[in-house]
Amino acid sequence: MKYYLTVPIYYVNAAPHIGHFYTTMAADLIKRMKTMQGYDVVLTTGSDEHGQNVERAARKIGKTPEDYATVISEEFRQQWISSGLGVDRFMRTSDPRHHQTVRWLFDRCRQNGYIYKGTYTGQYCFNCELYVNEAGPGDPCPDCKRPTETITEDNYFFKLSAFQDKLLELYESQPGFIQPEIRRNEVLAFARKGLNDLSITRTSIKWGIPVPVEGSHVFYVWFDALITYMSAVEGEDRWPADLHLIGKEIVRFHAVYWPAFLMAAGLPLPKRVFAHGWLLFENDKMSKSRGNIVRATPIQKVMGADALRYFLLREVVFGQDGSFSYDALVGRYNSDLANGLGNLVSRTLTMIRQYRGGVIPPGPADAAVAAASEAAIAATLEAFENFEFSKGLDAVWSLISAADRFIVESAPWKLAKQTGDEEQAQLSRILYTAADVVRVVTALLTPVLPESSARIWEQLGIVSPPVLNGLAPGQLAPGQPIGTIQPIFPRADAATAIDAMRAGEAEELARQQALLGQAPPKADLPPPAPLEPPIAIDDFLKVDMRVGQVLSAEPVKGADKLLHLKIDIGEPQPRTIVAGIALAYKPEQVVGRKVAIVANLAPRKLRGIESQGMIIAASLEGGSPALVSFLEEAPVGARLK
RNA sequence: GCCGGUGUAGCUCAGUCGGUUAGAGCGACGGUCUCAUAAGCCGUAGGUCGUAGGUUCAAGUCCUACCGCCGGCACCA
């Protein structure tokens, strides 16, 4: 039985962070689970290396795109190795074998009549490498908001429009093709609206896969990157994939374009596309501009690789957005792993050592506990099969909790003080029951906690760990000696651990930035607005700017952006100024504050109030203002020049 | 603007086909055992189930409107 799953190949424009880790770790978990069920599993990922952004980033630090991409690609590969993630094939889009597969697929689509050559004139976003059909000259890109540029170029087009019906039929006939449901609804809505043909080549880019025959064209990113799923296993009889595991932001490419490409080429389609949600950092979207991206490595170093895996799978409902925070991580670790699992292992083994000389005593297991084990096994496996990892883990922990309760209720330490045969046999059964739960729990957790479960097997004295198929309570073999007892999850001091993670994070960030070139690529910052034409000093001096102090501020009725300000600039009467800063500043935040105003601006009525000047503020991303202020003492009325 | 999702304890979330007194974990507080990692176990507090209507013998659950948040599409800048 074969099982082929993929995670996206990652773009070398950024170094690996916890978001990349999340997807790949989930795939590793599925792989381990399938392997334990007897499948022959292959997991692929790789690096997406082409495109103008990479060209630019490389040039900025004086490297060729190849060299630059190689460094970052290697960084990703190392990340998976050091995190213990079982990536079997790693395909780089720059790999000649991949180029061959892309060109082969293109030829097949063309032979089947789904490729044609056309001319595109219109707006183009160089950052996203995206044609913006609807936009007019100068309009911003709908994705990244940078200005688009007008271009005219010859392209090859893919007849996506020809596949609307076939795709809809696919979604209908295979309801599980796109999961979860919410993503499926989106794709359905998108496809039902009608599909436009897709330009799949670019002449404006050099760094890419050359289109057959046409020297000056290279393939567009999505007619390149997706195909690594095939090129990675070329000649292995693996295609089609059983599962593409992706983030929700690339659903359309995987659920619409990709099956269409494959249909056009007459190739089998993947069985399933599963899109997980985003990882937020303390409830904010992680982004470079916020500077709140977190890396996996420092967390793993402090808390252990398994702790991070456990946290992400337990805390975040797979498929939905979820948030990561150091606090929550340490909390989960202490309450679930240390106090729960770790402590159960420890107390069970210690009693076996003390009361039974370190040898697993004979059973049978307590009937009620065995029933709880059986229920937990079924619930966990079913949940895992449906990728409901948090639910599955919940079921495991309810078994751990049942075992703790059983131990307290049967109080083996009291029986240990009694010498009667019946009491001693009873004690053996209790210890056996507890140890058997540890065995069941550890087997269920093996795909989730690979390192820790290996250590538990060792301490339990089990040489060949059980597989998931056929796992049942009461199968622990009595008579075997246990190993050396050591804490699996020592309790962590929150403050110390969090400090260590933050410090490690800062180091790791610096290391990654060095790899990417001294300054990290600024590609995601919009270019500053173009400068106004030069003016003479006299022109500037016509603008009379003064230091003012806000005396009062109140909202303007019927306008959510406006504040009605009274500002003292040293005149007998304070100025009335209506400023569009209400979204960024509450009235009480500006009262008393020194600001800079344009004092000789012609008055203007805003919402019925005459505004006698304007307040100076920097215009930030998204249009929100940042008021100018003074570090030194600036007397009211002083002129700015 | 259209479509979809969502709103339940301090936090994260369950809650089936409408059916007794709305649950769990974490956190807080109190008690208790001693095998265990200051762990475990028992208990307590904490809820106008977003708001307002409606259907019903009965509504967290179904319907309508509105509000908040998230997402998709369209639009605006």
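In what follows, every chain begins at residue 1, and chains take the letters A, B, ... in the order their sequences are listed. This structure is a prediction, so every number in the text was calculated from the model and none was measured.
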Could you check whether the side chain of A:N339 and the base of B:A39 have a donor-acceptor pair of N or O atoms closer than 3.5 Å, going by distance alone?
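It does not, because no donor-acceptor pair links the side chain of A:N339 to the base of B:A39 below 3.5 Å.
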
Reckon [X] touches a base, only the sugar-phosphate, or nothing at all at heavy-atom distances under 4.0 Å?
X: A:S346; answer: base
X: A:Q354; answer: sugar-phosphate
X: A:I488; answer: base
X: A:K193; answer: sugar-phosphate
X: A:A338; answer: base
X: A:Y355; answer: sugar-phosphate
X: A:G342; answer: base
X: A:P490; answer: base

Distance, rounded to the nearest Å, where [X] contributes [atom1] and [N] contributes [atom2]:
X: A:Q320; N: B:C13; atom1: CD; atom2: P; answer: 7 Å
X: A:K391; N: B:G25; atom1: NZ; atom2: C1'; answer: 16 Å
X: A:R192; N: B:A74; atom1: CZ; atom2: C1'; answer: 18 Å
X: A:D327; N: B:U12; atom1: CG; atom2: P; answer: 14 Å
X: A:L393; N: B:C26; atom1: CG; atom2: C1'; answer: 15 Å
X: A:W413; N: B:G40; atom1: CH2; atom2: P; answer: 13 Å
X: A:M351; N: B:A39; atom1: CE; atom2: P; answer: 18 Å
X: A:E186; N: B:G71; atom1: CD; atom2: P; answer: 11 Å

Scan every strand shown for a Watson-Crick or G-U wobble partner of [N], both distances under 3.5 Å, and answer none if you come up empty.
N: B:C49; value: none
N: B:U61; value: none
N: B:U56; value: none
N: B:G7; value: B:C67
N: B:U21; value: none
N: B:C2; value: B:G72
N: B:G30; value: B:C42

Between [N] and [M], how far is it from one [atom1] atom to the other, in whole Å?
N: B:C62; M: B:G18; atom1: P; result: 8 Å
N: B:C41; M: B:G4; atom1: P; result: 45 Å
N: B:G5; M: B:C11; atom1: P; result: 25 Å
N: B:A36; M: B:G40; atom1: C1'; result: 8 Å
N: B:U61; M: B:U6; atom1: P; result: 14 Å
N: B:A58; M: B:U21; atom1: C1'; result: 15 Å
N: B:C17; M: B:A9; atom1: P; result: 23 Å
N: B:U55; M: B:U64; atom1: C1'; result: 11 Å

Within the structure, does a side-chain N or O atom of [X] lie under 4.0 Å from either OP1 or OP2 of [N]?
X: A:R252; N: B:G72; answer: no
X: A:R347; N: B:A39; answer: no
X: A:R405; N: B:C42; answer: yes

Heavy atoms only: give me the nearest A:P478-A:P362 pair and the separation to one decimal.
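Residues A:P478 and A:P362, closest heavy atoms: CB-CA, 3.7 Å.
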
Only one of A:Y22, A:F324, A:Y326, A:F21 forms a ring pair (Phe, Tyr, Trp, His ring centres under 6.0 Å) with A:F311, so which one is it?
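Going through A:Y22, A:F324, A:Y326, A:F21 one by one, the ring pair (Phe, Tyr, Trp, His ring centres under 6.0 Å) with A:F311 is satisfied by A:F324 alone.
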
Between A:Q179 and A:R184, does any side-chain donor sit less than 3.5 Å from a side-chain acceptor?
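There is no such pair between these side chains.
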
Among side-chain atoms of A:S401 and A:R405, is any donor-acceptor pair under 3.5 angstrom?
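Their side chains do contain a donor-acceptor pair, which is all the 3.5 Å distance test asks for.
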
Tell me whether the count of non-hydrogen atoms from other residues, nucleotides or ligands lying under 6.0 Å of [atom1] in [X] goes above 12.
X: A:Q475; atom1: CD; answer: yes
X: A:Q354; atom1: CD; answer: yes
X: A:K248; atom1: NZ; answer: yes

Is NZ or CZ of A:R314 both nearer than 6.0 Å to the six-membered ring centre of A:F389 and within 45° of the ring axis?
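Not flagged: A:R314 not positioned over aromatic ring of A:F389.
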
Assign each of A:D321 and A:L337 to its nearest nucleotide of RNA chain B by heavy atoms, then name whichever residue's nucleotide is nearer the 5' end.
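The residue closer to the strand's 5' end, by nearest nucleotide, is A:L337.
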
Let's see if you can work this out: which of B:C35, B:C41, B:G71 has an atom nearest to the side-chain heavy atoms of A:S401?
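Nucleotide nearest to A:S401's side chain: B:C41.
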
